[in-house]
Each structure stands twice: as structure tokens, then as C-alpha cells.
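In this chain, residues are counted from 1 in sequence order.
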Amino acid sequence: MTLHTQWLTLGLMLGSGWLMGFMLDLYRVLSRRFRLGGWAVSLVDLLYWGVSAGLVFSLLMWSNWGELRFYIFAAILTGWLTYHTWFESWVRRGIEWSVHAVEQILRFFLRLFLVVVWRPGVAVWGLLKKLLVLGFRLLLWILRIPLCILSPLGRWLQPVGAPLVRRLEPIVRPVVQFSRTIRRWFSGKGKDHEV
């Protein structure tokens, strides 16, 4: 192993120890913020150690093909202690500030969505539904006028038209059921109030 490789490995191991301390603080802040408990803590602990081991192993393989020396462990420990001695307090405050800022941004966009999209959409849908109900009722009222006028004629033609109605009943029945469904939907009764 050349001297350059040893210095490179030493620097990478110092950085990985620092990064392990950073990830541990990030994990602590997030677990406290989201109030993790029970099996979730065990799962995230396992994930933390898995990611840390994978990071150190991959950096070691990249720098010196996985040759283990004593100074590698000393460098990891030194990086970790360096982080906790000089960087822990302000990095933790920075993480907490970042989490708070992300929460505020998400709340802002959620309120913006509610004010700009959701509430106007619900109001427009309610207005459109009322207009459709009004149009449907107006159409029914208009159709009743010729039916009232032609109803005496229908009584006279009933003996002639009854066989025709029986023949057309399989065709007309789905249309009638569909119109009843539409009427129930507009009246807001739904399927449970079917007569």
C-alpha cells in the first residue's frame, strides 16, 4: 500500500466517522420529532447500523481494496469524536431548524392548496350540482305540460296501446331505471332509499 493510499484511506475513515456522528444526530432529532417508539426504533437502529457499515465498507473497498489496519479504526473513532466535540451542537440546531422550516413550507403549501384549489372547487361543484338539479326539475316541469294535455287521449288509446307498451317494456325499463337513479342522485337519497 502506497503512502498516498494510506493518507487517502485515513481521510476517508475520518470523514466516515464524522458522517456516522451526523447520521446519528439526524436520527435522534427525527425520532424525537416524529415520536418513534417500539419496533420502529429497533428498525431504524438496524437501518442506521446497516447504512454505517455499508458506508465504511464501501469507502474502504474503494480506497485500499478492504485492507484492515489499526489506524482505520482509530481514524473512524477520531472522526466520530471530532464530530461530537466540535460540531454536534450547531449541527443539531441546524437539523432542527431545517426540519422546522420544511414543516412550515409544507403547511404553507397545504394551506395554499386548500384556499386556492380545494375550497373553490368544492364551492363550484356545489353550485354546479344545484344548477343541474334546477335544470332537471325545470325539464320535468316542462315535460308535464304536454302529458297533462295528452292524458285524456291516452285513456282513449289505452286498449290499443297496452299490447304495444308490453312489447316495448324490456326496452323502456332500463331507461326508466336510469332516470330513477338520476333522480335519486339529484335528490341526494342514494341507493339506500330506493322505493
Side-chain angles (χ1 to χ4, degrees), residues 1-132 184-185 188-193:
M1 189 186 301
T2 63
L3 187 61
H4 174 264
T5 305
Q6 291 185 27
W7 279 111
L8 179 66
T9 305
L10 185 66
L12 286 174
M13 292 304 106
L14 277 169
S16 63
W18 191 95
L19 197 58
M20 285 172 65
F22 172 78
M23 287 192 302
L24 185 61
D25 267 350
L26 180 66
Y27 162 56
R28 283 177 181 164
V29 169
L30 291 180
S31 66
R32 193 172 57 238
R33 175 64 189 86
F34 295 108
R35 297 183 182 132
L36 295 180
W39 62 269
V41 173
S42 305
L43 184 66
V44 178
D45 282 347
L46 188 66
L47 184 67
Y48 168 76
W49 285 112
V51 168
S52 299
L55 174 74
V56 171
F57 180 74
S58 60
L59 287 176
L60 200 60
M61 285 297 291
W62 180 77
S63 62
N64 68 357
W65 290 102
E67 289 185 25
L68 281 176
R69 304 284 169 89
F70 174 74
Y71 69 86
I72 290 173
F73 297 106
I76 293 173
L77 184 62
T78 304
W80 195 78
L81 289 175
T82 302
Y83 173 80
H84 282 285
T85 304
W86 289 314
F87 298 99
E88 182 180 10
S89 60
W90 65 267
V91 167
R92 186 175 287 186
R93 281 197 299 270
I95 293 171
E96 289 172 350
W97 182 86
S98 300
V99 169
H100 181 71
V102 168
E103 284 178 352
Q104 293 301 317
I105 290 170
L106 288 178
R107 281 183 188 163
F108 170 74
F109 280 111
L110 182 61
R111 286 179 189 162
L112 190 67
F113 174 76
L114 285 176
V115 171
V116 174
V117 176
W118 183 256
R119 288 179 185 160
V122 169
V124 168
W125 170 246
L127 180 65
L128 187 65
K129 192 174 175 182
K130 286 180 181 177
L131 286 175
L132 286 173
R184 279 197 306 273
W185 186 75
K189 292 180 181 175
K191 289 183 177 179
D192 296 333
H193 299 276

**Q** Quick one: closest heavy-atom pair of Thr78 and Ala74, and the distance?
**A**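 So the two residues come closest at OG1-O, 2.6 Å.
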**Q** Just do the salt bridge (charged side-chain N to carboxylate O under 4.0 Å, His left out) check on Glu96 and Arg33 with the steps written out, would you?
**A** CA-CA 9 Å; Glu96 289 172 350; Arg33 175 64 189 86; over 6 Å; no
**Q** So for atom CZ, which belongs to Phe87, do other residues, nucleotides or ligands contribute more than 12 heavy atoms lying within a distance under 6.0 Å?
**A**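 Count over threshold, so yes.
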**Q** My understanding is that only residues two or more places apart in sequence, or in another chain, count here; which of them pass side-chain hydrogen bond (donor to acceptor under 3.5 Å, both in side chains) with Ser63?
**A**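 With sequence neighbours excluded, Ser63 shows a side-chain hydrogen bond (donor to acceptor under 3.5 Å, both in side chains) to Thr9, given in chain and number order.
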**Q** Let me see the working for Leu43 and Trp39 under side-chain contact (heavy atoms from CB on, under 4.5 Å), right down to the final yes or no.
**A** CA-CA 6 Å; Leu43 184 66; Trp39 62 269; 3.8 Å; yes
**Q** Rounded to the nearest 0.5 Å, what's the gap from CG on Leu19 to CE on Met13? Could you check?
**A**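 Output value for this atom pair is 11.0 Å.
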**Q** Evaluate side chain to side chain donor-acceptor pair (under 3.5 Å) for Thr85 paired with Thr82, printing each intermediate quantity in order.
**A** CA-CA 5 Å; Thr85 304; Thr82 302; over 6 Å; no
**Q** Can you measure from CD1 (Ile76) to CG (Leu60) and round to the nearest 0.5 angstrom?
**A**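 The CG atom of Leu60 is 7.5 Å from CD1 of Ile76, to the nearest 0.5 Å.
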**Q** Are Gln6 and Thr2 close enough, and set up right, to give a side-chain contact (heavy atoms from CB on, under 4.5 Å), and what steps lead you there?
**A** CA-CA 6 Å; Gln6 291 185 27; Thr2 63; over 6 Å; no
**Q** Apply the test side-chain contact (heavy atoms from CB on, under 4.5 Å) to residues Leu30 and Ile95: give CA-CA distance (whole Å), side-chain angles for both, the deciding distance (0.1 Å), then the verdict.
**A** CA-CA 9 Å; Leu30 291 180; Ile95 293 171; 5.6 Å; no
**Q** Given side chains that start at C-beta, do those of Leu12 and Trp62 come closer than 4.5 Å, heavy atoms only?
**A**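 Yes, their side chains come closer than 4.5 Å.
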**Q** Under 6.0 Å from the CH2 atom of Trp18, do we count more than 12 heavy atoms belonging to anything else shown?
**A**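 Yes.
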**Q** Between CG of Leu10 and CG of Asn64, what distance do you get to the nearest 0.5 Å?
**A**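 Output value for this atom pair is 11.0 Å.
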**Q** Listed by chain and number, what are the side-chain hydrogen bond (donor to acceptor under 3.5 Å, both in side chains) partners of Arg119, not counting sequence neighbours?
**A**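 If we apply the side-chain hydrogen bond (donor to acceptor under 3.5 Å, both in side chains) test to Arg119, skipping adjacent residues, there are no hits.
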**Q** Between OG of Ser98 and CD of Glu103, what distance do you get to the nearest 0.5 Å?
**A**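 Answer rounded to 0.5 Å: 11.5 Å.
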**Q** Would you please name every residue forming a side-chain hydrogen bond (donor to acceptor under 3.5 Å, both in side chains) with Glu88, sequence neighbours left out?
**A**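 If we apply the side-chain hydrogen bond (donor to acceptor under 3.5 Å, both in side chains) test to Glu88, skipping adjacent residues, the hits are His84, Arg92.
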**Q** What distance separates Leu112 CG from Ile105 CD1, expressed to the nearest 0.5 Å?
**A**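 So the gap between those two atoms works out to 13.0 Å.
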**Q** Between Tyr83 and Trp86, does the ring centroid distance fall short of 6.0 Å?
**A**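 Tyr83 vs Trp86: aromatic centres not under 6.0 Å.
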**Q** Shortest non-hydrogen contact from Ala75 to Leu14?
**A**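 Closest approach of Ala75 to Leu14: O-CD2, 3.4 Å.
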**Q** Over all heavy atoms of both residues, which pair between Tyr48 and Met20 is shortest? Give the atoms and the distance, please.
**A**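 Minimum heavy-atom contact is OH-O, 2.8 Å.
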